[in-house]
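Just so we're clear, the structure is a prediction, and the values are computed from it rather than from any experiment. Both ligands and their constituent atoms are indexed starting at 1 by order of listing. What you see below is based on every heavy atom in this structure, not just the backbone, and it leaves out hydrogens, waters and symmetry mates.
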Amino acid sequence: MKKILLLSTNQATTPYPVPPLGLALLYQRLRDAYQVEFLDGYLLSSDEVRRHLQEFQPDYIGLSIRNIDDMVKGSTHSYLPGILETYLAPIKESRAKLILGGSGFTIFPDELMKVFGADFGITGEAEEALPLLLQALEQGGEPSQIAGVVLAGENAGVNPTSSLPLDKPFSSDLDTLLNYAPYSERGAYPIQTKRGCGHRCIYCSYPILEGRTFRKRTVAHVVNEIETTHDRIRNPGLVFEFVDSTFNDPPGHAEAICEEIIRRKLSVTLRTMGMNPVNISGNLLDLMKRAGFAQIDSTPDSASPVMLVNYHKNFTIEHLRKAARLIREHEMPTMWFFIFGGPGETEETLLESFAFIDEYIGRDDMVHITEGLRIYPRTPLAELAIAEGLIRPETSLLAPLFYVSPQLGDAELANIITREIANRPNCIRLTESRPPPELLQAALRERKERNQTEPMFRTLLRLKRQHSQGERNV
Ligand code: B12
């Protein structure tokens with residue numbers, strides 16, 4: 001039986017470490033036909049990777065590349081050098097064929113095939129393509145005929161995947177594979193309820209990664225996964241996090257998930273990213289609270305009517321105001337996310353967003369500010385950047401480039417943001433979202449000592465406020 005090592009390369013700890021869900025799903029698809037080892041590389045050193053390779057002697061290595069960089073303009077951290085050193089160096093000493101995949105790979109397949117000197121790659125979801133590729137390699141088939149497969153020395157073209165039906169349960173024992181222990185202090189257990197994103201935000205890579213059509217998972221399967229994982233992990237700090245591109249689209253699915261959790265009387269803690277304002281309703285927020293949501297992320301990216309149009313958002317400022325009002329009425333702890341500096345951004349549009357923050361966002365809720373938009377290939381923003389002469393069609397975007405409205409420019413954008421957040425302590429630049437280690441340690445300590453269940457961001461905000469008040473009193 002051929003041996004396959006599935007290895008994740010994600011050691012990122014900001015904003016917190018995340019378990020490799022996608023790779024675990026691939027393990028489920030291969031384990032009956034091959035001898036498969038699943039290796040979460042989060043805490044591994046290069047020597048430990050080397051030891052695993054020497055002991056297991058795989059024929060193939062499936063390497064998952066999730067993050068390329070942290071998208072922080074000005075002080076970007078690239079994850080690639082660490083990945084090459086920790087994982088690729090020992091891999092190159094082995095005889096195994098190297099197959100790449102993951103969201104980072106899907107965005108930059110051509111560049112990463114070269115950087116890693118890989119034998120094969122698969123763009124997009126790989127539950128079908130990976131078994132087909134291995135079968136073709138073992139039985140003399142033609143890998144180039146398999147949708148999504150990238151061959152060494154050839155261009156990937158457009159990611160053709162994202163049509164997998166999601167009507168079967170992922171697996172009844174996913175949690176036994178995803179060892180949650182190293183993630184339990186700060187992390188969150190990932191749950192996917194659908195794939196796809198039908199929105200058209202000009203800078204976003206999600207539709208490239210997951211396709212444009214929402215493909216829903218069966219509600220009972222999702223809730224079974226939550227229930228069995230909760231029963232097995234038995235950790236009072238366990239938080240489930242929904243990792244859909246937007247949790248509450250298409251309408252009805254999020255409601256149905258919450259209703260099923262309530263019906264089963266599960267006592268779970270939940271959070272989600274990606275709440276789209278259009279489908280936020282009082283009913284949904286009621287259900288979310290009853291189901292166990294302790295916090296949400298709201299990601300309008302701007303609150304300027306002009307910028308909502310320029311970003312091709314599917315909502316208006318009225319949708320956003322209504323959603324923000326409902327969120328406050330329901331006292332749902334919320335982290336808000338804004339991306340400033342897109343096409344057409346001016347001082348006036350920035351001030352519109354800050355006015356919204358003042359009027360609609362409470363001081364205990366955190367506001368994350370991203371400065372400039374990372375340009376991703378094959379997005380309308382990349383086309384605009386080419387048309388405006390900022391980049392050339394052949395420019396590689398692997399080393400990140402950021403779009404900043406020419407009406408402002410980098411310095412002016414930075415100055416306005418600095419000025420505006422000076423008296424808004426809950427507004428945090430993305431650079432600051434890596435909390436100083438002392439602050440993080442103090443927050444973790446306090447949470448443990450006081451058995452605190454409030455969202456981590458609220459503990460951090462409070463300690464930050466106390467610290468700056470202390471400084472003023474000295
Ligand atoms: C949810 C999410 C988060 C959540 C994670 C919560 C959690 N508890 O897991 C939060 C908000 C915390 C987060 C944070 C960050 N994220 Co994020 N996140 C996502 C998102 C939306 C979904 C990821 C996910 O879980 N997908 C579901 C699983 C099932 O899919 P998957 O892992 O991709 O696996 C499938 C395929 O990729 C493939 N595959 C995977 N591995 C392999 C291996 C092989 C060999 C093969 C063949 C195939 C293959 O098959 C799998 C099954 O179909 C993606 C965008 C997206 N739509 O994919 C961004 C994304 C991964 N994030 C991104 C980034 C940058 C970050 C941050 C660095 C941001 C920051 N500055 O802090 C941090 C890093 C955190 C960390 N520790 O890694 C980028 C990465 C690209 C880049 N620029 O580097 C993405 C792609 C978004 C984007 N901008 O395009 N993120």
Side-chain angles (χ1 to χ4, degrees), residues 4-30 42 60-72 76-80 98-109 118 120-131 133-134 148-150 159 161-162 164 166 170 174 178 180 183 186-197 203-211 239-247 271-274 297 299 335 337 339 368 370 373-377 379 397-398 400 430-431 433-434:
I4 300 159
L5 177 72
L6 293 177
L7 175 59
S8 83
T9 62
N10 185 8
Q11 299 201 336
T13 52
T14 304
Y16 41 83
V18 302
L21 171 64
L23 198 69
L25 295 176
L26 300 182
Y27 174 87
Q28 314 294 329
R29 295 286 176 134
L30 299 177
Y42 168 41
Y60 300 97
I61 297 171
L63 196 68
S64 181
I65 303 168
R66 181 197 198 272
N67 301 322
I68 304 298
D69 54 75
D70 61 2
M71 309 191 298
V72 178
T76 316
H77 175 75
S78 169
Y79 297 105
L80 280 182
L98 177 60
I99 305 170
L100 302 181
S103 46
F105 175 74
T106 303
I107 303 175
F108 300 104
F120 301 94
I122 296 177
T123 56
E125 61 193 7
E127 282 95 335
E128 277 179 350
L130 185 56
L133 172 62
L134 292 168
V149 166
V150 189
N159 171 29
T161 58
S162 311
L164 187 75
L166 298 176
F170 274 175
L174 202 58
L178 281 179
Y180 187 67
Y183 301 96
R186 289 179 56 212
Y189 188 98
I191 298 284
Q192 195 173 43
T193 83
K194 78 178 89 61
R195 290 187 188 165
C197 184
Y203 42 81
C204 189
S205 59
Y206 292 9
I208 294 166
L209 294 166
E210 298 187 6
V239 177
F240 291 98
E241 178 166 22
F242 293 98
V243 296
D244 304 356
S245 49
T246 52
F247 176 64
R271 61 180 291 182
T272 187
M273 43 169 279
D297 292 355
T299 49
M335 285 206 277
F337 291 80
I339 310 180
H368 285 263
T370 300
L373 288 75
R374 194 210 194 288
I375 309 173
Y376 284 109
T379 58
L397 297 166
L398 184 64
L430 197 59
T431 30
S433 67
R434 310 172 190 140

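- Close approach of ligand 1 to Glu210 is summarised as follows: ligand atoms under 4.0 Å from at least one heavy atom of the residue are 56 (C), 57 (N), 58 (O).
- By the 4.0 Å heavy-atom criterion, Gly104 is excluded from the residues contacting ligand 1.
- Annotation: Tyr206 places no N or O atom under 3.5 Å from an N or O atom of ligand 1; distance criterion only.
- Here is the list of ligand 1 atoms found below 4.0 Å of a heavy atom in Glu127: 52 (C), 53 (O).
- Which of Val18, Leu7, Asp244, Leu80 comes nearest to atom 9 (O) of ligand 1 through a heavy atom is settled by distance: it is Val18.
- Listed by atom number, the atoms of ligand 1 under 4.0 Å from Ile107 heavy atoms are 90 (O).
- Atom numbering of ligand 1 starts at 1 in the shown order; those under 4.0 Å from a heavy atom of Asn10 are 76 (C), 78 (O).
- For ligand 1, the polar-atom distance check finds an N/O of Ser64 within less than 3.5 Å of one of the ligand's N/O atoms.
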Test side-chain contact (heavy atoms from CB on, under 4.5 Å) on Leu21 and Leu178; report intermediate values, then the result.
CA-CA 7 Å; Leu21 171 64; Leu178 281 179; 4.3 Å; yes
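- Between Phe108 and Tyr376, the ring planes lie tilted relative to each other; the angle falls in the 30° to 60° range.
- The closest approach between any non-hydrogen atom of Tyr189 and ligand 1 is not below 4.0 Å.
- With sequence neighbours excluded, no residue satisfies ring-ring contact (aromatic ring centres under 6.0 Å, His included) with Phe120.
- One option in Gln192, Met71, Arg66, Glu241 has a heavy atom closer to atom 2 (C) of ligand 1 than any other, and that option is Arg66.
- Checking only distances, Ala188 does come within under 3.5 Å of ligand 1, N or O to N or O.
- In the vicinity of Gly62, heavy-atom distances shorter than 4.0 Å reach the ligand 1 atoms 45 (C).
- Panel note: side chain Arg186, backbone Thr14; no donor-acceptor pair is recorded below 3.5 Å.
- A donor-acceptor pair is defined here as one N or O able to donate and one able to accept, closer than 3.5 Å; such a pair exists between the side chain of Asp69 and the backbone of Met71.
- Polar contact with ligand 1: present for Ala12 (N/O pair, distance under 3.5 Å).
- Listed by number with element, the atoms of ligand 1 under 4.0 angstrom from any heavy atom of Ile68 are 82 (C), 84 (O).
- Remark: distances from the non-hydrogen atoms of Gly124 to ligand 1 include one below 4.0 Å.
- In this structure, Tyr376 counts as a contact residue of ligand 1, since one of its heavy atoms falls inside 4.0 Å of the ligand.
- Side-chain N or O atoms of Lys194 include one that pairs as donor or acceptor with a backbone N or O of Thr246 at under 3.5 Å.
- By the criterion of a heavy-atom distance under 4.0 Å, the backbone of Leu100, and not its side chain, is placed next to ligand 1.
- Using a distance-only test at 3.5 Å, with no hydrogens or angles considered, a donor-acceptor pair links the side chain of Gln11 to the main chain of Tyr42.
- Heavy-atom distances between Ser245 and ligand 1 stay at or above 4.0 Å for every pair.
- Thr106 places a side-chain N or O within 3.5 Å of a backbone atom of Gly124 that can act as its donor or acceptor partner.
- No N or O atom of Met273 sits closer than 3.5 Å to an N or O atom of ligand 1.
- Although no hydrogens or angles enter the test, the distance criterion places a donor-acceptor pair under 3.5 Å between the side chain of Thr9 and the main chain of Ser64.
- Under the 4.5 Å side-chain criterion, counting only non-hydrogen atoms from C-beta, Val18 is not in contact with Val243.
- The shortest N or O to N or O distance between Asn67 and ligand 1 is below 3.5 Å.
- Compare Pro19, Gly22, Gly102 by their heavy atoms: the one nearest to atom 37 (O) of ligand 1 is in Gly102.
- Below 3.5 Å of separation, one finds no N or O of Glu125 facing any N or O of ligand 1.
- The Arg195 neighbourhood of ligand 1 comprises atoms 53 (O), with distances under 4.0 Å to a heavy atom of that residue.
- The ligand atoms of ligand 1 that sit less than 4.0 angstrom from a heavy atom of Ile122 are 47 (C).
- For Glu127 (side chain) and Leu164 (main-chain N/O), no donor-acceptor pair under 3.5 Å exists by modelled atom type.
- For the pair Tyr79 and ligand 1, the shortest N or O to N or O distance does not fall below 3.5 Å.
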